[in-house]
Amino acid sequence: MDSAAGTGRRRQNEVYRAGVYGRSPLVPTTARPLQRRARRRLTARAYAYVAGGAGEEHTQRANRTAFDRWAVVPRVLRDVSARDTSVELLGRRIPAPLLLGPVGALELVHREADLAVARAAASLGVPFVFSNQASVPMETCAQAMGDAPRWFQLYWSTSDDLVESLVHRAEAAGCEALVVTLDTTMLGWRPRDLDLGHLPFALGKGIAQYTSDPVFRRLVEQRVAAAGDAAPTQAGGAAGRDRQPRPTLAAVLAMVGMARAWPGPLRENLRSPLPRAGVETFQAIYSRPSITWADLAWLRARTRLPILLKGVLHPDDARRALDEGVDGVVVSTHGGRQVDRSISALDALPDVVAAVGDRAPVLLDSGIRSGADVLVAVALGARAVLLGRPYAWGLGLGGEAGVRQVVSDVLGEFDLSLGLTGHTSVAELTPEVLRRVG
């Protein structure tokens with residue numbers, strides 16, 4: 001097929017040519033069957049962590065039903081034979097208004113975790129936002145991506161030294177922006193994980209950005225040293241009062257998992273207090289609920305990178321963000337994982353776009369499942385969107401190739417939807433393309 005055919009027709013032809021030889025796509029090409037198959041493949045804990053939302057998951061459902069209130073009105077008899085799906089974002093042109101958003105603890109779904117996602121993203125030229133809660137250090141993923149675009153998600157720790165270290169590492173790793181996540185200063189109430197008693201970070205999963213950081217490692221060593229100094233020296237001391245539960249198989253496996261997560265030989269780590277202290281240190285400093293607008297100046301003074309605030313849902317917060325000197329906002333409900341009965345991300349988008357105007361890009365996260373969803377979000381004013389759960393399901397089912405297919409399918413559908421509605425460029429997508437139907 002000629003290269004001018006566009007990503008959609010090329011993707012279709014790949015699938016149909018393979019079908020002639022009896023080969024079907026590696027993973028389902030739409031979101032719901034993709035999730036159903038991933039549920040059958042993954043462990044209960046892995047599936048619950050990725051799929052789960054806050055409370056009774058009203059927000060998660062609202063993120064999807066919000067798209068049902070909008071319909072595209074196609075136009076006909078327009079020459080759409082050549083289409084350009086690319087957009088400019090923070091000075092770089094990317095192939096479509098799509099980024100891969102940060103998803104933590106991906107080792108739950110596939111052993112190659114973030115590294116597989118990084119390779120898939122790089123092969124397609126799609127930016128990947130490295131998770132602060134990654135299972136693979138950012139430097140390893142950056143090396144695998146070459147010159148492909150990547151950003152870094154930042155959770156604001158209680159240790160400013162650690163925050164500064166992570167930021168400097170992101171700069172050195174070639175990240176082109178910081179995405180400061182504001183809606184997770186505390187973990188939301190997540191019943192799927194609670195009912196299983198499962199928090200991956202407590203098992204040493206999803207903390208590779210920390211265990212690879214020199215500041216964090218120093219904090220862990222200080223914790224171990226302080227614990228040694230405080231140890232009781234006489235029988236009947238604190239240790240006698242704080243009786244430890246009898247070891248179980250689950251506890252032993254947890255300790256082995258922590259030892260594997262800590263850098264160094266497993267045999268040595270099993271005898272070392274550092275792996276367990278690393279998990280305890282992470283839990284103690286993971287996020288800072290006291291962060292305020294005043295802290296942004298501190299961050300701005302420590303990095304040359306563009307700063308975007310993720311988790312903005314109110315137009316007044318969007319205006320304040322730009323007044324404080326940030327470079328963009330991400331409208332997000334954290335995939336419905338933090339506040340139940342929150343306004344949906346798509347419902348919040350138009351007011352935030354109106355508040356920001358042309359001052360900075362507005363991105364949308366939460367609820368994106370398809371190329372058609374991308375079109376609706378862009379028509380409502382998003383400069384680009386972040387894709388999350390679908391690529392995680394693809395990772396669980398097919399590793400790097402599964403991620404690549406999921407992203408290729410979304411890109412292909414977006415291209416075809418653009419053309420089939422009578423448009424040839426992303427700039428033509430405006431609210432006039434849509435009708436509110438609900």
Side-chain angles (χ1 to χ4, degrees), residues 6-9 29-32 58-89 94-99 101 312-315 318 328-333 335-336 342-390 407 409-438:
T7 55
R9 294 182 65 189
T29 58
T30 56
R32 279 179 288 186
H58 294 285
T59 303
Q60 192 177 105
R61 291 190 294 273
N63 283 332
R64 290 299 306 143
T65 57
F67 282 91
D68 295 335
R69 290 190 282 273
W70 294 97
V72 187
V73 182
R75 302 298 301 273
V76 297
L77 292 177
R78 296 178 172 185
D79 182 358
V80 294
S81 56
R83 299 171 303 285
D84 181 7
T85 60
S86 69
V87 296
E88 185 174 319
L89 184 60
I94 58 177
L98 181 75
L99 301 86
V312 174
L313 293 168
H314 196 289
V329 298
V330 183
V331 177
S332 173
T333 66
S342 163
I343 185 174
S344 77
L346 191 72
D347 285 338
L349 178 64
D351 287 344
V352 172
V353 169
V356 170
D358 296 328
R359 298 171 65 189
V362 176
L363 281 66
L364 178 83
D365 168 81
S366 302
I368 296 293
R369 297 291 181 269
S370 68
D373 292 343
V374 177
L375 189 146
V376 169
V378 172
L380 287 174
R383 181 75 60 86
V385 304
L386 279 67
L387 185 71
R389 287 185 177 95
V407 179
D409 291 345
V410 173
L411 294 174
E413 185 185 6
F414 175 69
D415 171 56
L416 290 172
S417 298
L418 186 71
L420 290 170
T421 56
H423 307 95
T424 59
S425 72
V426 176
E428 297 173 11
L429 298 177
T430 67
E432 287 68 34
V433 171
L434 307 176
R435 295 290 182 274
R436 191 171 181 96
V437 294

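Any value given below was found using the heavy atoms of this structure, including those in side chains, with hydrogens, waters and symmetry copies removed. If you read the sequence from its start, that first residue is 1, and numbering goes on from there.
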Checklist entry - Nearest heavy-atom pair of Gly335 and Ser332: which atoms, and what distance? => result N-OG, 4.5 Å

Item to check | Set of residues satisfying salt bridge (charged side-chain N to carboxylate O under 4.0 Å, His left out) with respect to Arg61, sequence neighbours excluded | outcome: none

Item to check | Partners passing side-chain hydrogen bond (donor to acceptor under 3.5 Å, both in side chains) against Asp358 (at least two apart in sequence or in another chain) | outcome: none

Next on the checklist: Using every non-hydrogen atom in the two residues, find where Pro95 and Thr85 come nearest and quote the distance to one decimal.
Outcome noted: O-OG1, 2.7 Å

Next on the checklist: Looking at every heavy atom in both Ala345 and Ser366, which two are closest together, and how far apart are they?
Outcome noted: CB-CB, 3.8 Å

Checklist outcome for this item: Between Ala377 and Leu364, the two heavy atoms sitting closest are CB-CD2, 3.6 Å

Next on the checklist: Which residues pass the side chain to side chain contact (heavy atoms under 4.5 Å, CB included) test with Pro315, not counting sequence neighbours?
Outcome noted: Arg319, Asp351, Ala355

Next on the checklist: Test of understanding: with side chain to side chain contact (heavy atoms under 4.5 Å, CB included), list the residues that count as partners of His314, not counting sequence neighbours.
Outcome noted: Asp316, Asp317

Next on the checklist: Holding to side chain to side chain contact (heavy atoms under 4.5 Å, CB included), I want the full list of residues that pass it with Ile343, two or more places apart in sequence or in another chain.
Outcome noted: Leu313, Asp347, Ala348

Checklist entry - Per the side chain to side chain contact (heavy atoms under 4.5 Å, CB included) rule, which among Leu386, Val331, Thr333 passes with Asp365? => result Leu386

Checklist entry - How many angstroms lie between CG in Leu429 and CG in Leu380, if you round to the nearest 0.5 Å? => result 10.0 Å

Item to check | Of all pairs that satisfy salt bridge (charged side-chain N to carboxylate O under 4.0 Å, His left out), the ones with a partner from residues 413-438, not counting sequence neighbours | outcome: Arg83-Asp415

Item to check | Minimum heavy-atom distance Leu418-Asp84, with the two atoms named | outcome: CD2-O, 4.2 Å

Item to check | Minimum side-chain heavy-atom gap Leu98-Val385 below 4.5 Å | outcome: yes

Checklist entry - Is it true that a side-chain atom of Thr59 and a backbone atom of Ser342 form a donor plus acceptor pair closer than 3.5 Å? => result yes

Item to check | Any residue meeting side-chain hydrogen bond (donor to acceptor under 3.5 Å, both in side chains) with Thr421, in chain and number order, not counting sequence neighbours | outcome: His423

Next on the checklist: Measuring only between side-chain heavy atoms, which start at C-beta, is Val72 closer than 4.5 Å to Val376?
Outcome noted: yes

Item to check | Over 12 foreign heavy atoms within 6.0 Å of CZ, Arg75 | outcome: no

Checklist outcome for this item: On a heavy-atom basis, the closest approach of Ala71 and Val437 is CB-CG1, 3.8 Å

Item to check | Passing candidate, side chain to side chain contact (heavy atoms under 4.5 Å, CB included) with Val312, options Val356, Val362, Val329 | outcome: Val329

Checklist entry - Would a 4.5 Å heavy-atom cut-off, applied to side chains only, mark Leu363 and Leu89 as touching? => result yes

Checklist entry - Taking only residues two or more places apart in sequence or in another chain, which ones pass side-chain hydrogen bond (donor to acceptor under 3.5 Å, both in side chains) with Asp409? => result Arg11, Gln405

Next on the checklist: According to side chain to side chain contact (heavy atoms under 4.5 Å, CB included), who are the partners of Val426, at least two apart in sequence or on a separate chain?
Outcome noted: Val87, Pro97, Val378, Phe414

Checklist entry - Which pairs, with at least one residue in residues 369-387 and sequence neighbours excluded, count as a salt bridge (charged side-chain N to carboxylate O under 4.0 Å, His left out)? => result Arg64-Asp373

